[in-house]
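Just below is one structure, and these are the notes that go with it.
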Number of protein chains: 2
Amino acid sequence: MSKDTAAQSKANQATIAYRLLKQDIIKGIHQPGDKLLMSHLKESYDIGAGPMREALSQLVADRLVTAISQRGFRVAEMSLEELTDIYDARAHLEALITELAVERGDDSWEATVLGEAHKLSRVNEVNSPEEMLEVWDSRHKSFHNAIANGCSSVKLLELRMSLLDQAERYRQLWLRQTVFSQSALEGKRQEHSDLVDALLDRDKARAKQLMYEHILSPIPVIRNLLP
Amino acid sequence: MSKDTAAQSKANQATIAYRLLKQDIIKGIHQPGDKLLMSHLKESYDIGAGPMREALSQLVADRLVTAISQRGFRVAEMSLEELTDIYDARAHLEALITELAVERGDDSWEATVLGEAHKLSRVNEVNSPEEMLEVWDSRHKSFHNAIANGCSSVKLLELRMSLLDQAERYRQLWLRQTVFSQSALEGKRQEHSDLVDALLDRDKARAKQLMYEHILSPIPVIRNLLP
DNA sequence: AATTATAAAAATGTAGATATTTTTAAATAA
DNA sequence: TTATTTAAAAATATCTACATTTTTATAATT
């Protein structure tokens, strides 16, 4: 039995519900502002009220869901204000982490970053557009994770993940626009290439600045798509 | 009826359990590594298993508790490695937030910082040592919160709070040593005064550097007290 | 000693009971 | 009529008590 299958089978109902709900909120199956009715959730996920509550209050901590005592749960709203706030925080945090990664990253970090950059630049021979989207997004994330890991700070990486989760619904809006536009994709390719250059040159200030701008760049696109 | 009492009376069992448990873990009533037995918790807090699980899994997200599926919950261990990691992250994040506060803070921010600094410098006419501890800690937190609020980033402030919560058990070790030592207290007074000067001078680089060092300064004290 | 069987303890989940909020409809007042 | 209040009903959230599953401890067996 694979490790993954073992983990899945061991996971309790609350964990299963948490994963499914989170995915469905990110995918937009549950829209911002939607009421998350316990009776519906119980039925559609086939999970009891207890574990479901447990999952929901975790998502409240993740800021993907809001709760009012005795009045249940709703999918958290999306707004231009939140978009700006999340991306401002992400840009500053990611810039900080990049700076630390340049200071602290070793040879093996450099190697991994270079490897992930290469994989990302070679997203070509794919079948469907949907697969393209998935593969590019996955490799793009791996590339950025590889850079960030160089900072060697467990806690900063956890904070980074928390912001990424909160940004994910906004990112989804940007992703389609970017991956399906040859020129946008080429722009990203250039940004990534410049970034890698700065990292390998150990040019702290330049890497920090490039990362800051790279993170903020999707904002105009997302702003236009925001409902 | 006061707002607080109303909030208390409206809060559900899970929220009550979360608050009580968190306090008791920070106070050390539940020690690092302790098993959090559902039957004991149910009895001592007089709260059912469902809400108690909900509270526990929130504390897992807060990193104050660890969970193993089907094997229950334990108070998270404390370690020198975690101390170093948390304080490294805190110092960098707080320095970043301070820098932004100097950039973004307005007149009313300056006024609040100055006011809180004044209150903190006047913790004197108190009755018991225990009260002294409580009052100083409370005002010290308010002072630092006032500075941080200047950054105007909801998300960065949330990340800051998350790290503060994780640092709280370590901070408690340092607090007694500092508040009950006249020389240590004088040292802090000086650091705070320098910090305020840099803030009001809008000296970004200096404020950032002072804050970075201020956050890291408790580490040697805590290291010696760590069990 | 190592392995297996058994019993006890504990975690987790379910179903139904209870409490709260929301909706609906009727009654009252402007 | 229109708006407001009130009371009852329905919908919903939450909790409790119990049932089930899993783990852990103990004893028995090889």
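Side-chain atoms are counted along with the backbone in the values below, which use heavy atoms only and exclude waters and symmetry mates. We name chains A, B, ... by the order of the sequence lines, and we start the count at 1 in each one.
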**OP:** Measure from CD on Q13(B) to P on dA17(D) and round the result to the nearest Å.
**Re:** 11 Å

Original post:
From dT23(D), dC15(D), dG13(C), pick the nucleotide closest to the side chain of Q70(B)?
Top reply: dT23(D)

Original post:
Rounded to the nearest Å, what distance is computed from the NZ atom of residue K42(B) to the C1' atom of nucleotide dC18(D)?
Top reply: 10 Å

**OP:** Output yes when at least one side-chain N/O atom of R53(B) is less than 4.0 Å from OP1 or OP2 of dT12(C), else no.
**Re:** yes

Original post:
Is it true that a side-chain atom of H118(A) and a backbone atom of L114(A) form a donor plus acceptor pair closer than 3.5 Å?
Top reply: no

Subject >> Atom-to-atom span, CZ of R74(B) to C1' of dA10(C) - whole angstrom >> reply: 13 Å

Subject >> Check: V102(B) main-chain N/O paired with W109(B) side-chain donor or acceptor under 3.5 Å >> reply: no

Subject >> Closest nucleotide among dA13(D), dA10(C), dT12(C) to the N12(A) side chain >> reply: dT12(C)

**OP:** Using atom CG of L41(A) as one end and atom C1' of dG13(C) as the other, report the distance to the nearest whole Å.
**Re:** 17 Å

Original post:
Counting distance only, does the side-chain N/O of E116(B) pair as donor-acceptor with the main-chain N or O of V113(B) below 3.5 Å?
Top reply: no

Subject >> P51(B) side-chain proximity, nearest of dT12(C), dA13(D), dT16(D) >> reply: dT16(D)

Original post:
Rounded to whole angstrom units, what separation is found between the CZ atom of R71(A) and the C1' atom of dA11(D)?
Top reply: 15 Å

Original post:
L37(A) near the nucleic acid: base, sugar-phosphate alone, or nothing, with a heavy-atom cut-off under 4.0 Å?
Top reply: sugar-phosphate

**OP:** Could you pull out all residues at least two apart from Y18(B) that satisfy ring pair (Phe, Tyr, Trp, His ring centres under 6.0 Å)?
**Re:** none

